[in-house]
Amino acid sequence: MTNMIETEKYKMIPLIVEVPPIETNCYVLIDKATNQALVVDPGSSAPFIKQTVDEQGAKIVKIVNTHAHWDHVSGNVELMALTGAELLINEKELVILKDSYNNCAMSFGFKGNGGEPSAFLNDGDVLELGELKLDVLLTPGHTPGSISLVCEDLLFCGDVLFQLSMGRTDLPYGNEASIMASLRRLASLPGNKVVCSGHGPLSDLDFERKYNPFIRMSGYRG
């Protein structure tokens with residue numbers, strides 16, 4: 001896979017899944033020591049996601065939703081059923097998650113039975129995937145319980161930070177002051193990191209610090 005990022009410790013596979021009428025980024029992180037896999041935001045195409053992981057000789061054990069908008073969670077139920085993986089999300093997203101499941105049921109014939117979170121992720125938690133450790137950051141603004149994950153040189157930030165842009169705050173539960181604080185927090189992370197956003201291309205934190213107008217608007221000065 002030409003778009004796979006691989007180090008001695010992990011494989012990271014960015015996937016684009018179709019959640020009509022939106023394309024959403026889904027990410028697969030594989031711990032090479034144990035072949036355990038984590039899926040970030042399975043917006044749809046659960047069989048394709050599982051097949052991708054199977055081809056790597058890995059097993060999906062965890063699913064994380066960075067937030068609960070329908071285009072990021074539509075694949076939860078089917079992927080959980082196919083793999084037995086646990087679902088992890090911030091508790092503040094539960095109302096949005098329920099609304100999203102209902103929306104999927106009405107729009108796509110989605111079967112909304114199941115899909116309940118196995119546990120909740122909070123700011124400061126450390127999520128373990130085999131020998132990998134992922135730091136959980138609460139980064140609200142797009143939604144109240146939006147989270148970002150930092151693992152090695154990877155930053156999974158959902159719809160908080162995009163290449164040269166940021167997530168919307170005009171949707172229900174959005175808050176501009178909160179997302180500005182979240183952008184400052186992400187920009188203040190040490191070192192350069194691969195920015196893995198919920199939509200659009202991969203970027204890197206150094207580029208966003210220098211050129212993203214919303215990071216400058218947030219008050220980050222570096």
When you measure from the side chain of Asp31 to the backbone N and O of Gln36, does any donor-acceptor pair fall under 3.5 Å?
-> no
Tightest non-hydrogen contact, residues Glu23 and His199, listed as O-ND1, 2.9 Å
Looking only at heavy atoms, what is the nearest atom pair of Cys26 and Val39, with distance?
-> SG-CG1, 3.6 Å
If you draw a 6.0 Å radius around CG in Leu171, do more than 12 non-hydrogen atoms from other residues or ligands fall strictly inside?
-> yes
Would you say the side chain of Glu78 lies within less than 4.5 Å of the side chain of Ser44, judging by non-hydrogen atoms?
-> no
From Asp204 CG over to Cys196 SG, what is the distance, rounded to the nearest 0.5 angstrom?
-> 11.0 Å
Looking only at atom types and distance, does a side-chain atom of Asn25 sit under 3.5 Å from a main-chain N or O of Pro14, one as donor and one as acceptor?
-> no
Where do Ala37 and Val28 come nearest, in terms of heavy atoms and distance?
-> CB-CG1, 4.4 Å
Apart from Val95 itself, what residues make up its hydrophobic cluster when side-chain heavy atoms of I, L, V, M, F, W and Y under 4.5 Å apart count as a link, directly or indirectly?
-> Ile96, Tyr173
Give a yes or no on whether the backbone of Leu87 and the side-chain of Ser118 come within a donor-acceptor separation of less than 3.5 Å.
-> yes
Is there a donor-acceptor pair closer than 3.5 Å between any side-chain N or O of Thr24 and the backbone N or O of Val17?
-> no
Under 3.5 Å: donor-acceptor pair, side chain of Ser100, backbone of Trp70 | yes
Using a side-chain heavy atom cutoff under 4.5 Å and only I, L, V, M, F, W and Y, what cluster partners does Leu161 have?
-> Leu137, Val150, Leu155, Val160, Met166, Ile179, Met180, Leu183, Leu186, Leu189, Val195, Leu205, Phe214, Ile215, Met217, Tyr220
Report whether Met4 and Phe48 are members of the same hydrophobic cluster (ILVMFWY, side-chain heavy atoms less than 4.5 Å apart, transitive linking).
-> yes
Apply side-chain contact (heavy atoms from CB on, under 4.5 Å) to the pair Asp41 and Asn65, showing each step before the final yes or no.
-> CA-CA 5 Å; Asp41 290 343; Asn65 293 150; 4.0 Å; yes
Considering only heavy atoms from C-beta outward, does the side chain of Leu38 approach that of Leu127 to under 4.5 Å?
-> yes
Is the side chain of His72 donor-acceptor paired with the backbone N or O of Gly43 at a distance under 3.5 Å, no angle test?
-> no
Non-hydrogen atoms of Ser74 and Val19 that approach each other most closely | OG-CG1, 3.9 Å
How are the rings of His67 and His69 set relative to one another: parallel (under 30°), tilted (30 to 60°) or perpendicular (over 60°)?
-> perpendicular
Evaluate the criterion side-chain contact (heavy atoms from CB on, under 4.5 Å) for residue pair Asn90 and Leu121; output intermediate values, then yes/no.
-> CA-CA 5 Å; Asn90 184 268; Leu121 294 176; 5.5 Å; no
State the CG-CD1 distance between Leu88 and Ile147, to the nearest 0.5 angstrom.
-> 8.0 Å
Side chain proximity check, Phe207 to Asn192, heavy atoms < 4.5 angstrom | no
Please confirm whether the backbone N or O of Gly167 pairs with a side-chain atom of Asp159, one donor and one acceptor, at under 3.5 Å?
-> no
Atom OG in Ser188, atom CZ in Arg209: separation rounded to 0.5 Å?
-> 8.0 Å
So SG of Cys151 and CE of Met12: to nearest 0.5 Å the spacing works out to 10.5 Å
Identified salt bridge (charged side-chain N to carboxylate O under 4.0 Å, His left out) partner of Lys32 from the options Glu8, Glu152, Glu6 = Glu6
Heavy-atom closest pair (Thr34 atom, Gly130 atom, distance to 0.1 Å) is OG1-CA, 3.5 Å
Check the side chains of Ser197 and Gln163 for a donor-acceptor pair under 3.5 angstrom, ignoring hydrogens and angles.
-> no
Taking a hydrophobic cluster as the set of Ile, Leu, Val, Met, Phe, Trp and Tyr residues connected by side-chain heavy atoms closer than 4.5 Å, whether directly or through intermediates, do Leu164 and Leu202 fall within one such cluster?
-> no
Report the hydrophobic cluster partners of Leu82, with the cluster defined as I, L, V, M, F, W, Y residues connected by side-chain heavy atoms closer than 4.5 angstrom, directly or transitively.
-> none
State, yes or no, whether a side-chain contact exists between Ile13 and Gln56 at a heavy-atom distance under 4.5 Å.
-> yes
Do the non-hydrogen side-chain atoms of Asn76 and Pro42 ever get within less than 4.5 Å of each other?
-> yes
Could you go through the side-chain contact (heavy atoms from CB on, under 4.5 Å) check for Tyr27 and Leu154 one step at a time?
-> CA-CA 11 Å; Tyr27 298 96; Leu154 302 172; over 6 Å; no
Does NZ in Lys92 sit with more than 12 non-hydrogen atoms of other residues, nucleotides or ligands closer than 6.0 Å?
-> no
When every non-hydrogen atom of Ile60 is compared with those of Lys50, the smallest separation belongs to CD1-CA, 4.1 Å
Does the side chain of Asn212 reach to within under 4.5 Å of the side chain of Phe162, using non-hydrogen atoms?
-> no
Full working for side-chain contact (heavy atoms from CB on, under 4.5 Å) between Val40 and Leu29 = CA-CA 8 Å; Val40 179; Leu29 179 65; 5.9 Å; no
Distance from Ile30 atom CD1 to Thr52 atom OG1, nearest 0.5 Å?
-> 9.0 Å
Please round to the nearest 0.5 Å and tell me the distance separating atom OG of Ser45 and atom CG of Leu15.
-> 9.0 Å
Quick one: does Thr139's side chain get under 4.5 Å of Cys157's, heavy atoms only?
-> no
Counting only heavy atoms not in Phe120, do more than 12 sit closer than 6.0 Å to its CZ atom?
-> yes
